[in-house]
Amino acid sequence: MGTDHVRLMQRRALLSTGAGAALLGLVHPSPSQANQSYRITVAPGQAPLTGPQRRATDVWTYGGSVPGPTLRVRQGEPVSIVVENGLDQDTTVHWHGIRLPIGMDGVPGISQPPIRSGGKFVYEFTPPDAGTFWYHPHANTLQQLGRGLAGALIVEERSPVPVDRELLWTIMDWRLRPDGQIAGGFGNRMEAAMSGRIGNTVTINGVVLRFEGHRPVVVAIDGQPCDPHEPKDGRLLLGPAMRADIVVDMQGEAGRRYRVIDDYDEDLQYSLVQLAYDGAPPVRTHALDAPIRLPRNSVPEPDLASAERRQLVLQGGMMGGGMMGMGTAAWAINGMSMTGDGHAGMAAVATLELGRSYVLSLRNDTAWSHPMHLHGHSFRVLSRNGAPVPFNQWADTVLVEPKQTVDVAFVADNPGDWMLHCHVTDHQTAGLMAVLRIGKAGKG
Ligand code: C2O
Ligand code: CU
Ligand code: CU
């Protein structure tokens, strides 16, 4: 990797599926590699997850690779992506974090009929926000994501971010059998009621990245710019589906290597990747003298004075004494258990008025952490257990720890039936999912 004093921006997507192994992809930026039209085939393929010596792992791929191709597009310009389904089952593609019309959101039965085996669908939208986003299926999600279907979607800023080099790290976790093939047993009822499917190396609830000898500055969360800040204790916490854009001044010593360590779980600490310096002289002797604050996107600012409050209580899961009595569902939101991946006719847990500001109060009454995700919007993260969250953080996915209440605020400006669910897919499909209906345009 680079040398001394390089300001390096890392755009990073964490994609969690529920099995362990980290994949890193590197992208060198040039002013723009954006393209506004893509064609992707979803199909079985193979990936060398366990190294060149061993038989490649059978996976499901976007465009033949895992993760799928990185789609780079320009902010504010129409995009068209043709998706062809070469699997022998239905699929859809969800553009996670993009504020787009409901019909392009990829939820089967709500946004669109599923793409049948051998069929195709053309996704067309104009991304309003620059940032780091990702795409994944919203049909048979547990298995399709768990077999490798995920990719990064980078919406480029109108003028390039002043950094020397840009890298993209996509972290996926896998559960592999000893022979290197993906373990079956998706949707195991016991796991669904507990932590969800956990991989061999990366835990599903999150990774905490600690940069040896370097001080990362977070400049965006879930694609949305925040006040640039060094994360608390130098540790960057990412739950499933979350992204962080960070800027690092590469001030290490020539010839040395520095580890980036994940120590979310102290007992499962491992080195995710190394920052290796070559012996060449530094690219520059002083840190790049450019502002690292990213230009703000056009997300509407909620009016907190007039905002209406809605409480959403996360319930269920395996507690000390056993499963809560909710039939086949293990989880619920406000007593309602929506299971699966989304389907027609889902009842709304709340109906919101188009254009109004809302505070959603997410209260976790369970013993497990839940990365709660809202489709079609970005929200301001206001507080955790009443303590204000600093640095103007916006997100589309927020980690709600056990016994925690997290307040988020947003303007309900996008009409439709929008999914709100835990991004631990096991939890989502076992009931930790709801629909927020915004405006009269909501179907179903
Ligand atoms: Cu990335 Cu419905 O989720
Ligand atoms: Cu989403
Ligand atoms: Cu969860």
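Whatever order the structure lists ligands and atoms in, that order sets their numbers, starting from 1. For clarity, every value in this text was computed on a predicted model and none was experimentally measured. Start at 1 with the first residue, then count along the sequence.
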With a 4.0 Å cut-off, would you call Glu301 and Arg296 a salt bridge?
yes

Is the distance between atom 1 (Cu) of ligand 1 and the nearest N/O/S atom of His373 smaller than 2.8 Å?
no

Check whether any N, O or S atom of His94 sits under 2.8 Å from atom 1 (Cu) of ligand 1.
no

For His138, the N, O or S atom at the shortest distance from atom 2 (Cu) of ligand 1 is NE2

In His427, which N, O or S atom comes closest to the Cu ion (ligand 3)?
ND1

CD/Gln224 to CG/Asn392 distance, rounded to the nearest 0.5 angstrom?
11.5 Å

Within 2.8 Å of atom 1 (Cu) of ligand 1, is there any N, O or S atom belonging to His96?
yes

With ring centroids as reference points, do His377 and Phe410 lie under 6.0 angstrom apart?
yes

Is it the case that the ring center of Trp394 lies less than 6.0 angstrom away from the ring center of Phe379?
no

Please step through ring pair (Phe, Tyr, Trp, His ring centres under 6.0 Å) for the pair His370 and Trp331, ending with a clear verdict.
CA-CA 11 Å; His370 304 293; Trp331 308 90; 4.9 Å; yes

Looking at His370, which of its N, O or S atoms is the nearest one to the Cu ion (ligand 3)?
ND1

